[in-house]
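Atoms within each ligand, like the ligands themselves, are counted from 1 in listed order. We use all heavy atoms of the structure for the numbers below, so side chains are in, but hydrogens, waters and symmetry mates are not.
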Amino acid sequence: MMRTVDLIQKKRDGEELSTQEIQWLIEGYVDGTVPDYQMSAFAMAVYFKGMSMRETRDLTMAMVATGEVIDLSAIAGIKTDKHSTGGVGDKVTLILAPLVASFGVPVAKMSGRGLGHTGGTLDKLESIKGYQIERSQEDFIKQVQEIGVSLIGQSDNLVKADKMLYALRDVTATVDIIPLIASSVMSKKIAAGADSILLDVTVGDGAFMKTIEDAEKLSETMVALGKEVGRKTIAVITDMSQPLGQAIGNRLEVLEAIQIMKGQGREDVTHFICELAQLMLELAGVEKTLEEIHEHLVNGKALEKFEALVAAQGGDLQDLYRPSTAKVVTEIKAEESGYIEALPALEFGLFAMRLGAGRAVKTDALDYETGIVFEKKVGEAVESGETIAKVYSQEILDKKLLTEFQKNVKIGRVQLLPKEIIKVIS
Ligand code: URA
């Protein structure tokens with residue numbers, strides 16, 4: 001008879017678990033026969049001893065089997081999906097999904113919520129009055145058939161093991177380990193049913209992966225998992241050493257996404273999103289130049305699709321364009337002249353969280369209106385006294401917070417040239 005304690009011990013001693021052992025453990029965890037305390041000991045053993053590729057694949061498939069697998073075959077064409085391993089100011093999905101859909105490639109995506117310093121697409125969408133993230137499977141499919149795009153929350157019936165395991169990992173310091181992240185992400189993507197998957201693997205201060213080597217390893221693992229089950233999968237390693245684009249905070253990020261979809265966004269983030277769109281389209285067999293893709297931002301095609309998406313999910317199109325109602329806007333000025341050398345994503349993500357834009361625990365209520373908008377980013381010159389950022393808050397910022405903000409803006413003599421896409425792994 002199999003016993004959980006023996007499997008924990010096996011992993012603790014650095015041995016490989018068999019396919020059956022992994023299946024037994026995951027099934028037991030989901031049906032309640034393996035308690036949380038044993039699963040956390042197991043997760044910690046994996047944290048220290050790792051898993052082979054075979055074990056990671058078995059874990060992923062055992063997790064997929066703990067819920068439904070969505071059948072998207074009723075939707076014509078190659079269905080696409082994307083996933084980010086998390087970041088600060090990451091509003092990519094809001095733009096990328098309608099942009100790709102505006103070329104006739106269906107995007108059927110389930111998104112997640114933010115936690116801690118990272119943001120989540122669902123929270124950003126819910127900052128739009130009326131937007132509903134819950135949809136039945138039939139409605140989800142019908143919407144993609146009708147308008148080519150749907151962005152919803154993950155159904156409770158999908159990958160039950162991940163919901164339980166992720167909550168456990170979150171409170172047992174076992175989130176940031178490659179086999180557990182890879183199986184968590186890929187089990188959800190496989191269950192969500194799309195034919196092709198673009199993985200945005202963030203690296204840097206504000207991401208789970210702190211080094212390029214680790215990001216490469218995670219990317220290779222996830223790409224291999226996707227391909228093994230017949231999904232076209234590529235990973236893009238992207239910079240999360242500073243926040244993405246200008247805004248952090250739910251409403252503020254929706255507004256930045258709209259700016260980008262009007263062709264009026266920052267050049268770097270706009271270019272980055274066009275590059276991701278090109279890759280996603282390519283996965284679906286559609287070849288487009290960056291110019292052709294950019295044209296859909298300038299001519300309103302992507303924004304039109306975004307409006308159709310918001311309307312289809314109950315969102316109020318007038319509220320969509322409403323500015324933030326945060327009561328206080330504080331301009332942060334440069335204290336010296338030079339180049340911005342660093343804007344650490346983690347620190348600013350945590351700062352925005354304290355303003356109410358993020359959650360410390362899953363049950364925290366969000367303030368959709370608060371956050372930060374950067375006017376200067378890494379590599380740009382500033383004069384002393386020039387505005388670097390605007391902070392949107394509900395109360396006047398106290399001196400301690402202001403000092404902390406200033407401390408995190410690094411101004412120096414070196415002009416760095418940040419690159420959004422570091423590497424593509426396919
Ligand atoms: N995102 C996920 O979905 N799972 C992880 O484990 C980490 C990031």
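- Scanning for side-chain hydrogen bond (donor to acceptor under 3.5 Å, both in side chains) contacts around Q132 gives R135, with sequence neighbours left out.
- Between the side chains of T56 and S183, not a single donor N or O lies within less than 3.5 Å of an accepting N or O.
- Annotation: ring-ring contact (aromatic ring centres under 6.0 Å, His included) contacts involving residues 35-67, sequence neighbours excluded, are absent.
- Residues satisfying the side chain to side chain contact (heavy atoms under 4.5 Å, CB included) test with E134, not counting sequence neighbours, are none.
- Side chains of Q394 and E369: a donor-acceptor N/O pair is absent below 3.5 angstrom, by distance only.
- Side-chain polar atoms of Q137 and E68 form a donor-acceptor pair below 3.5 angstrom.
- For ligand 1, the protein residues placed under 4.0 Å by at least one non-hydrogen atom are H83, Y166, R169, I181, S184, V185, K188, F208.
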